[in-house]
2 protein chains.
Amino acid sequence: MSSIKELARRCGVSVATVSRVFNTPEIVSPGTRRHVLDMAAEVGYLPNESARTLATKKSNMVGLVWDTDHRRPGWRHPFLQDILVALKSALSAQGLHLLMLAPDRSAGPDSRQRFLRAVQRHSVDGVVIIDNGSRDPAVLALVDAEVPCVALDLRFTGPTCTSITSDNAGGGRLAAQHLIDRGHHRIATITGPPDTWPAAERLAGFRAALTEAGRTLADADIASGDWYLDSGYAAMKRLLPRSPTAVFAAGDEMAVGAMRAIHEAGLRIPADIAIIGFDDIEVAALVPPGLTTVAQDKTGIGTAAAEAIVAMLLGSPAPAEPTTLPTALITRGST
Amino acid sequence: MSSIKELARRCGVSVATVSRVFNTPEIVSPGTRRHVLDMAAEVGYLPNESARTLATKKSNMVGLVWDTDHRRPGWRHPFLQDILVALKSALSAQGLHLLMLAPDRSAGPDSRQRFLRAVQRHSVDGVVIIDNGSRDPAVLALVDAEVPCVALDLRFTGPTCTSITSDNAGGGRLAAQHLIDRGHHRIATITGPPDTWPAAERLAGFRAALTEAGRTLADADIASGDWYLDSGYAAMKRLLPRSPTAVFAAGDEMAVGAMRAIHEAGLRIPADIAIIGFDDIEVAALVPPGLTTVAQDKTGIGTAAAEAIVAMLLGSPAPAEPTTLPTALITRGST
DNA sequence: CGGCACAATGTAACCGGTTTCATGAAACCG
DNA sequence: CGGTTTCATGAAACCGGTTACATTGTGCCG
């Protein structure tokens, strides 16, 4: 692998000129430019990114902060893959690489610095944060250090930090309106962890739409889960004694768990109980009779995250308000 | 952020000594070592990885080659996320970062060099390849260039290249044996793309077990799909006229599609047709009556890939034979 | 006590780029 | 035609580490 010096020598020019050919081609004469480019292709010259990063402090890498340590409540969710693929594709299109950061252990495995240190050591240009609402101090350290951040489904604010989210409140309204339209009166809901932003928003939207329609949502008609299937099953068991005719589960996984509880109780969907979920993960379409749900635009989220980080890297200020993507009602057999 | 020079100055030692404190601590006297470490903690010194990479040509980064470009048949599969999480966790535990490589576009978007160039520019130590059996020439370029490679479900050989796979043939046998045990005689199968290694192995194992049991698998009882749901549906439609009593679908997604076709034909599962899948993705447990399937150890695959690449980075030769992980029969309602 | 091995440290070259500043030649101006 | 811009390029410092080699000060040996 030839270096810039080697290439410069073969072209009979200085390294500065070669460097210019690749970085500011407009200021080098067409003749030399051609010559250098041809020779570069011939010898297979590739600029060394480490050297470039060292000199410029820009790495063309976006960090992904996603703590998959099994001791921590790292977020695993079936739709993350869709987001990740979209994110990676959109970044690739800009020539940016996505670095899945290993937490830095030099200050201890639980250090508040574990992400920040990794980011700084690698001169990562910005980060995308996938977290489950746990407000990990190590994530906050990034915000405090003013690393350009884009958080998914997490409300962070700071001069260099913005977030991307679905219109959770609007989705909650969509769900409520749909159940109202279907003529339901005894309506219950299974929410996510109450202290997480998406869960709170979905519930707020849902409740607001019910209120506007002149109904109220009793506390006893609210059960909460942890997004995952088993918690939906358990929550539904708690709700069954209230004999609702319709349930809004704030996540599809929980909805599927709830459906199981409903079946086990000998009730039919949607005849005895209608159910609507949120997310539109793959199983929603597959589990009979098909789960009506509020779809999130997963690809849109990934793409928006990429756009947001790219904009910040180009110098735009971080939008103070979250970028909100529309949700859509997908009607299937469960309502 | 302080540099090594700064730290050396404050400690009253040379940069070489500081460097040794972090790289070969055993050859520096305990006194200075302590002093340097204390001072490093005090000023928040972090070694710059780009500089280190530049000097050593080791980056502590493993590349992930996974072409998600929508124009290409990049592999998307529900279980990839599990593999990815396991891979990332296992690498993180070794202090290695996972770099999702953006294809290098400097030689054109379809260049055979697009991954290799990215790998070389970033001095990536090794790569993990996720591909769908398409034998992309750009992937082969990595093998040819003798980059340390670990391929998932892809049979590559080379002095620096090994692969990780489930025991697909064994899994195929498991499926056949299970159907035989259940007393089925009219058995059909839906395979993956015939030119892919996992599909071929699963079919081979399946057929072998049938043969050993004194049965044959007629060509007309074999339909192939592309792993995804719709193709399973279509394949099953083709098989229905053969009125099989049991079907082995070489992937769960296709199995779910097949189940749909079976239902639409007014047949019951498992009473009229039993079906067994492969993979054990999340939906398998959720789609009624529960899909019996041959489970792959997704976490094991990710972990094994990490171990394999780590071993190669430490100097071990690439195992010529693939690392094969056991599969397991998961019995549910569909058989 | 001279010579030697060894442990601890320093000096300086090097990794491969970017960028500031200087330089020389050509173009432009009155 | 002399002086000033402008353009293309080169020289050299710099980014922040690693490491081969040189240097120094011990302790040990015969």
Side-chain angles (χ1 to χ4, degrees), chain A residues 1-37 39-40 43-61 95 104 106 117-125, chain B residues 1-37 39-40 43-61 95 104 106 117-125:
Chain A
M1 280 195 40
S2 52
S3 72
I4 198 174
K5 280 189 192 114
E6 170 79 2
L7 180 56
R9 196 181 50 72
R10 287 167 95 115
C11 292
V13 300
S14 73
V15 294
T17 300
V18 175
S19 179
R20 289 186 194 107
V21 166
F22 290 99
N23 297 304
T24 47
E26 60 280 4
I27 68 164
V28 29
S29 77
T32 15
R33 192 193 313 164
R34 261 263 62 77
H35 184 203
V36 170
L37 286 175
M39 187 62 78
V43 305
Y45 167 73
L46 292 177
N48 179 312
E49 290 296 329
S50 302
R52 190 201 284 258
T53 300
L54 180 57
T56 61
K57 297 171 179 344
K58 300 246 139 270
S59 63
N60 285 329
M61 294 192 295
D104 186 295
S106 63
R117 292 172 79 108
V119 162
Q120 292 177 332
R121 290 172 73 137
H122 286 92
S123 317
V124 157
D125 298 336
Chain B
M1 280 197 41
S2 54
S3 73
I4 198 173
K5 282 192 191 106
E6 170 79 1
L7 180 56
R9 196 180 51 69
R10 287 167 95 113
C11 293
V13 299
S14 73
V15 293
T17 300
V18 175
S19 179
R20 288 193 271 260
V21 166
F22 290 99
N23 297 306
T24 48
E26 59 282 3
I27 68 165
V28 29
S29 77
T32 16
R33 192 193 312 164
R34 261 264 62 76
H35 184 203
V36 171
L37 286 175
M39 187 63 76
V43 305
Y45 168 72
L46 291 177
N48 179 312
E49 290 297 328
S50 301
R52 190 201 283 260
T53 299
L54 179 57
T56 62
K57 296 170 179 345
K58 301 246 137 270
S59 63
N60 286 329
M61 293 193 297
D104 186 296
S106 62
R117 292 171 80 108
V119 162
Q120 292 177 333
R121 290 172 73 136
H122 289 272
S123 316
V124 157
D125 298 336

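To find a chain, count down the sequence lines: A is the first, B the second, and so on, and within it residues start at 1.
Between A/V43 and A/S2, the shortest heavy-atom distance links the atoms CG2-OG, 3.6 Å. In this structure, B/N48 and A/S123 approach most closely via the heavy-atom pair ND2-OG, 4.4 Å. Minimum interatomic distance between B/S59 and B/V124 (heavy atoms only, all atoms of both residues): OG-CA, 3.6 Å.
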Check: Where does DNA chain C pair, written as one dot-bracket string 5' to 3', with Watson-Crick or G-U pairs under 3.5 Å, ( ) inside the strand, [ ] for crossing pairs and | for another strand?
Finding: ||||||||||||||||||||||||||||||
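For residues 43-54 of chain B, every residue pair satisfying the salt bridge (charged side-chain N to carboxylate O under 4.0 Å, His left out) rule, not counting sequence neighbours, is listed here: A/R121-B/E49, B/E49-B/R52. Contacts classified as salt bridge (charged side-chain N to carboxylate O under 4.0 Å, His left out) and involving residues 16-36 of chain A (residues at least two apart or in different chains) are given here: A/R34-A/D38. Within the structure, every pair that satisfies the ring pair (Phe, Tyr, Trp, His ring centres under 6.0 Å) test and touches residues 13-35 of chain B, not counting sequence neighbours, is listed here: B/F22-B/Y45.
Nucleotide D/dG17 holds its P atom 11 Å from the CD atom of B/E6, rounded to whole Å.
Separating the CG atom in B/L7 from the OG atom in B/S19 is a distance of 11.0 Å, to the nearest 0.5 Å.
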Notebook entry, point to check: For every nucleotide of nucleotides 7-18 of chain C, 5' to 3': is a protein heavy atom under 4.0 Å from its base (B), only from its sugar-phosphate (S), or from neither (-)?
Noted result: -SBBB---BBBS
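For B/K58, the side chain to side chain contact (heavy atoms under 4.5 Å, CB included) test picks out B/T56, B/D125, with sequence neighbours left out.
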